[in-house]
**Student:** 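If you scroll down you'll find the structure; I have some questions about it.
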Amino acid sequence: MTIQILAPAEKDPFLIVATVNQLCQGRNNATGTVTLTAGVTTTVVQAPNCATGSAVGLTPRTANAAAELGNGTLYVSTIANASFTITHANNGQTDRNFVWWAVG
């Protein structure tokens with residue numbers, strides 16, 4: 001769920017209130033989806049709001065994603081500015097889909 005980005009000099013009260021309301025409704029630009037790359041052990045996720053101090057979370061969206069999480073072979077191995085890397089099992093499955101969020 002994306003939200004309107006306001007310019008630092010924004011003066012339109014309607015736009016400011018609409019953006020605050022979207023935040024109150026749970027919308028933000030710190031989430032996305034990712035499918036683990038088949039046949040390798042890492043997947044890099046482009047996350048514009050991610051920073052080195054962010055906390056990254058993953059929620060499985062498919063049975064194969066849940067199995068990957070349950071196997072204990074999946075973790076966020078690197079957090080950088082505008083991206084993070086997921087380390088996972090080398091697997092041929094193409095439906096290991098997750099929702100991610102990066103906060104902080």
Side-chain angles (χ1 to χ4, degrees):
M1 301 173 120
T2 59
I3 190 170
Q4 172 73 37
I5 303 287
L6 298 178
E10 182 60 58
K11 296 193 183 331
D12 180 350
F14 177 80
L15 189 56
I16 294 167
V17 169
T19 301
V20 170
N21 283 340
Q22 288 179 347
L23 286 169
C24 291
Q25 293 167 359
R27 292 185 178 91
N28 64 54
N29 294 334
T31 64
T33 59
V34 60
T35 299
L36 301 182
T37 307
V40 298
T41 59
T42 60
T43 299
V44 176
V45 179
Q46 299 304 313
N49 288 347
C50 190
T52 56
S54 294
V56 175
L58 300 167
T59 300
R61 296 296 305 253
T62 61
N64 285 332
E68 178 75 31
L69 187 61
N71 289 339
T73 55
L74 179 131
Y75 61 98
V76 176
S77 54
T78 305
I79 300 174
N81 290 330
S83 70
F84 61 90
T85 301
I86 304 169
T87 296
H88 50 81
N90 183 342
N91 188 311
Q93 296 168 333
T94 59
D95 69 337
R96 294 178 293 168
N97 305 327
F98 291 84
V99 172
W100 62 263
W101 64 93
V103 295

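None of the values given here were measured: they were computed from a predicted structure. Basis for what follows: all heavy atoms, side chains included, without hydrogens, waters or symmetry-related copies.
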**Student:** For Ala38 and Gln93, which heavy atoms make the closest approach, and how far apart are they?
**Tutor:** CB-O, 3.5 Å
**Student:** Roughly how far, to the nearest 0.5 Å, is CG of Leu69 from NE2 of His88?
**Tutor:** 13.0 Å
**Student:** Which heavy atom of Thr94 sits nearest a heavy atom of Thr35, and at what distance?
**Tutor:** O-CG2, 3.5 Å
**Student:** State the CZ-OG1 distance between Phe84 and Thr43, to the nearest 0.5 angstrom.
**Tutor:** 10.0 Å
**Student:** Grab the two heavy atoms, one from Ser83 and one from Cys50, that are nearest each other, plus how far apart they are.
**Tutor:** O-SG, 3.7 Å
**Student:** If we only count heavy atoms from C-beta on, is the Asn97 to Thr33 side-chain gap below 4.5 Å?
**Tutor:** no
**Student:** Taking all atoms of both residues into account, what is the closest heavy-atom pair of Pro60 and Ala66, and its distance?
**Tutor:** CB-N, 3.5 Å
**Student:** So, taking the atom named CG in Asn91 and the one named CD in Glu68, what distance separates them when rounded to the nearest 0.5 Å?
**Tutor:** 6.5 Å
**Student:** Could you tell me the separation between the OG1 atom of Thr73 and the CG atom of Asn90, rounded to the nearest 0.5 Å?
**Tutor:** 10.5 Å
**Student:** Is Trp101 reachable from Ile79 through a run of hydrophobic residues whose side-chain heavy atoms are each under 4.5 Å from the next?
**Tutor:** no
**Student:** Would a 4.5 Å heavy-atom cut-off, applied to side chains only, mark Ile86 and Phe98 as touching?
**Tutor:** no
**Student:** Rounded to the nearest 0.5 Å, what separation is found between the CG atom of Asp95 and the CG atom of Leu36?
**Tutor:** 10.0 Å
**Student:** Does any part of the side chain of Asn81, heavy atoms only, come nearer than 4.5 Å to the side chain of Thr52, both counted from C-beta?
**Tutor:** yes
